[in-house]
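Just so it is clear, the model here is predicted, and its values are computed rather than measured.
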Amino acid sequence: MNGKPALAAGVAPPSADSVKAQTRVMLWILLIVYIFNFLDRQIVNILAEPIKDSLKLSDTELGLLAGPAFAVFYALLGIPIARYADKEGTNRVRLIAGALAIWSAMTAVCGLAQNFVQLLFARIGVGVGEAGCTPAAHSLITDSVPAEKRSSAIAFYGLGVPIGSLLGLILGGVVNDLYGWRIALMLVGAPGLLLALAVLFFMREPRHRHAIEGAVAARPPQLGARAAFKEIFASRAFVYILIAASVTAFLGYGKALWTISFFIRSHGLSTTEAGLSMAIVLGLAGVFGTWLGGKCADIFGKRDKRHILSLPAFGMAIGAPILFLGYAMEDWRVAVAMLVLPTILNSAYYGPAYACVQGLVRPQARAVAASIMLFGQNLIGLGFGPFLFGVLSDALAPAYGEESVRYVLYGAGWLGLIPAFFFWRASLRLGSELKSG
């Protein structure tokens, strides 16, 4: 015996080129899945005003549909599903395909709702389905990509956030103006069912490859739930990143919904005009910022691990006053232009933050660590961001009328200094806490 794990009898290990090709296919398919994830999640933002008028909703009810209805069930189910994804025998590809089929079907069902309660339950269904996607996807990526390329790989997956939001804004606005909000929801939901079949057909679970190579035999035993949580929260860097990412999501989801309403109410844009304008900001600028964040983290993180989070920390601090000025502009074109740079800077956190989370814990706790991050981001961010922004808008409406949303956004712009501070604090811990693999 030479101490190396034996290969399964009669089975040759895959070649390096074959493994790289499988990884590329996996990354591209996961990106497309995440685009659908955010398209189905965020299309409600551009459809908010027509849904409100059609179903006679208040801003508070609208915020509830866009936020807690989705986020609470997404957050609560995310951790147990992630525990399941971390188990050695779980096929994460099948898990992602099943989750995709559920949330796509429920998005289409949203278009059939006749009142607030029906739409509320349909949105809950979307949240239930989407809870099974990202923790398993991050775990798949981390198992397949070298540590030194992890930020870029996770950032590549994270491009689904701005691209999905971009497509949701454009498709939602155009289809709503042509055929109504119901058709828009059904149109974006149905293709996800076909994509779920493609996931099953084209993606491979890397654990099966590890089993052929004999790698599983060398792996340490599974962590229990208590041990996993203890290890995760023992990391001070993880706690700081969790706080920063949760506040970032709170502000991001709130602004994503209500900035569109702001342009419609305060600047008189149609849903198509608002959708196309915000697509430039939330889409193209977000794509560039997400890519830039992952690239900078990999390049500068090699020199000093603290610099993995430097761009998110300093970028958000720079973006805060620019956002405030953008919301104050009276010309909507100038306002949109002013939002581009802050959107780039605020989008740069995704790859670095989630790559750090994957590197702060052992492989047996990676999906759970990602799910805790998503729990914070969705329960605090998506759960309360749109909702509390709507509550504040209703509270300010007697004094400011249609301009109430503008004043809510003023405060949201300056609150970006909070995640900037916590990302900076987390960066100081990375040198001692990040694991090498």
Side-chain angles (χ1 to χ4, degrees), residues 36 38-71 103-104 106-127 164-192 253-283 332 335-336 382 385-387 389-391 393-394 397 401-406 408-409:
F36 272 81
F38 257 79
L39 195 164
D40 292 358
R41 183 188 313 191
Q42 296 291 84
I43 192 172
V44 172
N45 291 347
I46 190 62
L47 301 177
E49 293 299 311
I51 290 174
K52 176 184 177 180
D53 293 340
S54 175
L55 299 183
K56 311 301 181 187
L57 306 179
S58 68
D59 280 351
T60 300
E61 289 174 323
L62 196 59
L64 183 64
L65 285 171
F70 173 94
W103 89 62
S104 298
M106 295 310 298
T107 299
V109 170
C110 286
L112 302 175
Q114 299 299 311
N115 53 52
F116 171 75
V117 174
Q118 291 178 4
L119 188 53
L120 177 69
F121 279 103
R123 284 289 291 171
I124 288 172
V126 176
S165 299
L166 181 154
L167 291 176
L169 292 171
I170 294 175
L171 290 175
V174 172
V175 176
N176 172 71
D177 284 348
L178 292 175
Y179 304 109
W181 63 270
R182 298 182 185 279
I183 298 298
L185 286 167
M186 289 186 276
L187 184 65
V188 301
Y253 282 120
K255 287 182 291 187
L257 174 65
W258 294 107
T259 299
I260 293 170
S261 293
F262 161 68
F263 277 101
I264 292 173
R265 297 180 190 182
S266 297
H267 291 288
L269 273 62
S270 68
T271 55
T272 297
E273 291 171 331
L276 291 173
S277 299
M278 287 299 93
I280 297 171
V281 176
L282 301 179
W332 71 268
V336 170
L382 185 54
F387 177 64
F389 278 41
V391 171
S393 177
D394 280 340
E402 291 292 300
E403 289 289 281
S404 62
V405 173
R406 187 195 296 266
V408 173
L409 293 174

| task | Report the relative orientation of the aromatic rings in Phe262 and His267; use parallel for angles under 30°, tilted for 30 to 60°, perpendicular for over 60°. | result | perpendicular
Please table the atom pairs, donor to acceptor, closer than 3.5 Å between any side-chain atom in residues 109-116 and protein atoms at least two apart or in another chain.
from   : atom 1 : to     : atom 2 : distance (Å)
Gln114 : NE2    : Leu112 : O      : 3.1
Asn115 : OD1    : Val117 : N      : 3.2
Asn115 : OD1    : Gln118 : N      : 2.9

| In Å and rounded to the nearest 0.5 Å, what is the CG to CG distance from Leu187 to Leu39? | 9.5 Å
| Are Leu119 and Leu65 side-chain neighbours, meaning at least one heavy-atom pair lies under 4.5 Å? | yes
| Would you call Glu61 and Lys52 a salt bridge, taking side-chain N to carboxylate O under 4.0 Å as the test? | no
| At their closest point, which heavy atom of Ile260 faces which heavy atom of Ala274, and how far apart are they? | CG2-CB, 4.2 Å
| Arg123 to Val44 - nearest heavy-atom pair and separation | NH1-CG2, 3.5 Å
| message | Looking at every heavy atom in both Phe36 and Gly192, which two are closest together, and how far apart are they? | response | CE2-N, 3.9 Å
| Donor + acceptor pair across side chains of Asn176, Trp181 (<3.5 Å) | no
| Side chains of Val188 and Leu167: closer than 4.5 Å at any heavy-atom pair? | no
| task | Identify the heavy atoms of Leu62 and Trp258 that sit nearest to each other, and give their distance. | result | CD2-CH2, 4.3 Å
| message | Any side-chain to backbone donor/acceptor pair from Ser266 onto Phe263? Under 3.5 Å, distance only. | response | no
| remark: For Glu402, the salt bridge (Lys or Arg N to Asp or Glu O under 4.0 Å) test, sequence neighbours excluded, returns none
| message | I need the minimum non-hydrogen distance between Ile264 and Glu49, along with the two atoms involved. | response | CD1-CG, 3.9 Å
| field | Distance in Å, Leu409 CG paired with Ser261 OG, rounded so as to fall on 0.5 Å steps | value | 9.5 Å
| Any donor and acceptor pair, going by atom type alone, linking the side chain of Thr107 with main-chain N or O of Gly189 inside 3.5 Å? | no
| Check: Pro50 main-chain N/O paired with Ser54 side-chain donor or acceptor under 3.5 Å | no
| Is it true that Arg406 and Glu403 make a salt bridge, defined as a side-chain N closer than 4.0 Å to a carboxylate O? | yes
| request: Could you walk me through whether Trp103 and Arg41 pass the side chain to side chain contact (heavy atoms under 4.5 Å, CB included) test, one step at a time? | output: CA-CA 9 Å; Trp103 89 62; Arg41 183 188 313 191; over 6 Å; no
| Shortest non-hydrogen contact from Phe38 toward Tyr253 | CZ-OH, 3.3 Å
